[in-house]
2 protein chains.
Amino acid sequence: MILDGVELRQLEYFVAVAEEQNFTRAAVRLHVVQSAVSAAVKTLERELGAPLLDRNSKRVRLTDAGAALLPRARIALDAARDARDAVAEVHGGLRGILRIGTMTSTRLLQLPALLGEFHRRHPGVLLHTSVAPHGSQGLIDALAERRLDLAFVSLPGPPPAEIHLTELACSVLDLVVPDDHPLATREAVTLADIAGLDFIDSPVGYGNRAVTDRAFAAAGLSRRVTIEIPDIATGADHVRHGLGIALLPRFAVTDDHGVRLLSVTGADLNWTASLATPVDRPVGAAARALISLTAEFLP
Amino acid sequence: MILDGVELRQLEYFVAVAEEQNFTRAAVRLHVVQSAVSAAVKTLERELGAPLLDRNSKRVRLTDAGAALLPRARIALDAARDARDAVAEVHGGLRGILRIGTMTSTRLLQLPALLGEFHRRHPGVLLHTSVAPHGSQGLIDALAERRLDLAFVSLPGPPPAEIHLTELACSVLDLVVPDDHPLATREAVTLADIAGLDFIDSPVGYGNRAVTDRAFAAAGLSRRVTIEIPDIATGADHVRHGLGIALLPRFAVTDDHGVRLLSVTGADLNWTASLATPVDRPVGAAARALISLTAEFLP
DNA sequence: GTCAAGTATCACCGATGGTGATCGTCACGA
DNA sequence: TCGTGACGATCACCATCGGTGATACTTGAC
């Protein structure tokens, strides 16, 4: 037994605890009871001859040994998944779990339709999608840290070196104003017309927010973002109730009574969605299958 | 359980069977009974949903799925060893198994002294040395296929792209003849003097054999190798008993009664020993420690 | 047809991994 | 200071697992 009893199950439990910083949440994620995780990590520490986690009833932290182990444990788990996927690919059926990060607003990409089709083609693959609490930048971080296999992001500007972006779709952001707003009678406006006004927008880190911030900065103008909303589908409602104006894609305005949509000229308000993949490691077979389907589905 | 019960132990058993092409030999290597290996591989096949080995009582072959799995299983096992070694490195004591390939004749490098010192410094590391049945080329193959972590080889000419060689030591091969041989009264000879004669040499694939073959080829000459011996320590004995002449390093001739050693001029008969390391993957902590000790020990 | 070597299956048994209960610890708020 | 809630570690229990040893079956070689 050249690995002294160390097994993938133990590495998986360790990684879950390290990521959750909590044994109980890790147990929920792993679908076992808390004491099973506690015992498995204790056995792993005995087998490796080093404490990996420094913990009490209030806090869980990595030790130096644990910090050394964590990225390598992820690599070992990814390698084992890749091995399993390679067998599935040869044997005619992909299996496993594909961890996908998505932006809050997936309608830019018709993601439900894409994932639905993927599921029909590969029923053995479980899709774990997670929405980005910290926007696309948070998804990029998770991808780099091997907590995600793929991510659908909106990231204006060049990506980090370890991430490859494939542009998938693009939508223009229009100005949405209440229909009694002084600008409501216009067909189009410029950024100068709306500089300094109160805006409703997504939080910093979201792709659409980055697009709007960049456009104002490029024009040498500023504005006030007085309300941040994580879901742009509620943007038109906020506008309707007079809480501010907003720059939104048309598809996010499903009920346009009480608001007007105006074009914005002379500014780059293109909101691009991309598929982010890692550069520094091969992607698994299921991820490759989804990448292929994405290329075929969203030309 | 995102890997559906697949564990490192199973991958390890599968790799052993694939390499040995025999369940019984794999069991010996793994220190378990044959039925344990048979059962573990069967379970792995069930968990992956594909037959991995096509076998009967006479023969074991990889299926396509097994061929897809094998290199990836090795990568996963290496990744897990690396994870374990990283913890050991941080925690102050290297552990694990270091698989080292060596040429049959290690005295060129004083390898026993080197490995003895390594063992004293890192008692937690088990050294598995294997001699090369197919010479240094076989060791290079084993290194590329992840069956070895490091190898001490003699490989004249450029190495393959995925292997890095660090030259460690060099010895000149001298001509050894019976003391009643017509050339025995000479101090030195050229290759032309000995072209066409019967030689004792190592098998093809051994480093020293490659050196001698290259020297004759470079001179546009040939010779007959009538006896191949895997251990050059027995070379002088063969010469003494009149079975042929040989090109050997001086250290391999411990008893020179009945033979003469002659220099060979005008030919490149330098037999170089090198440490071969993989280029395409990081080496583990124990391997890095041995590489460092080799640099310090054999300047 | 016989035989030796090897793989698969089986009965058995100690070890393992999970559950559920519970104890001890630790911030935190009253 | 004390009570509390949340959490990790330990324990008893138990179903399952993984290994052993025996053996049945298969398969080339002779």
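Both backbone and side-chain heavy atoms feed into the values below; hydrogens, waters and symmetry mates do not. Quantities reported herein were computed from a predicted structural model and do not represent experimental measurements. Lettering follows sequence order; numbering is per chain, from 1.
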Base, sugar-phosphate, or nothing: which does A/V60 touch, judged by heavy atoms less than 4.0 Å apart? sugar-phosphate

Provide, to the nearest angstrom, the distance between the CD atom belonging to B/Q10 and the C1' atom belonging to D/dC17. 11 Å

Using the closest heavy atom to pick a nucleotide of DNA chain D for each, name whichever of B/E7 or B/R59 lands nearer the 5' end. B/E7

Is A/E145 salt-bridged to A/R147, cutoff N-O under 4.0 Å? yes

Rounded distance (Å) that lies between atom P of D/dA9 and atom CG of A/N56: 9 Å

Does a nitrogen or oxygen in the side chain of B/R9 sit under 4.0 Å from OP1 or OP2 of D/dG19? yes

Phosphate contact (C/dT25 OP1 or OP2) by A/R55 side-chain N/O below 4.0 Å: no

For the residue pair A/R9 and A/Y13, would you count it as a cation-pi contact if the rule is NZ or CZ under 6.0 angstrom from the ring centre and within 45 degrees of the ring axis? yes

Could you tell me whether the side chain of B/S35 has a donor or acceptor atom within less than 3.5 Å of a complementary atom in the base of D/dG21? yes

Whichever of B/K42 and A/S57 has the more 5' nearest nucleotide on DNA chain C, that residue is B/K42

To the nearest angstrom, the NZ-P distance between B/K58 and D/dT27 comes to 10 Å

How is A/T24 classified with respect to the nucleic acid when contacts are heavy atoms under 4.0 Å: base, sugar-phosphate, or nothing? sugar-phosphate

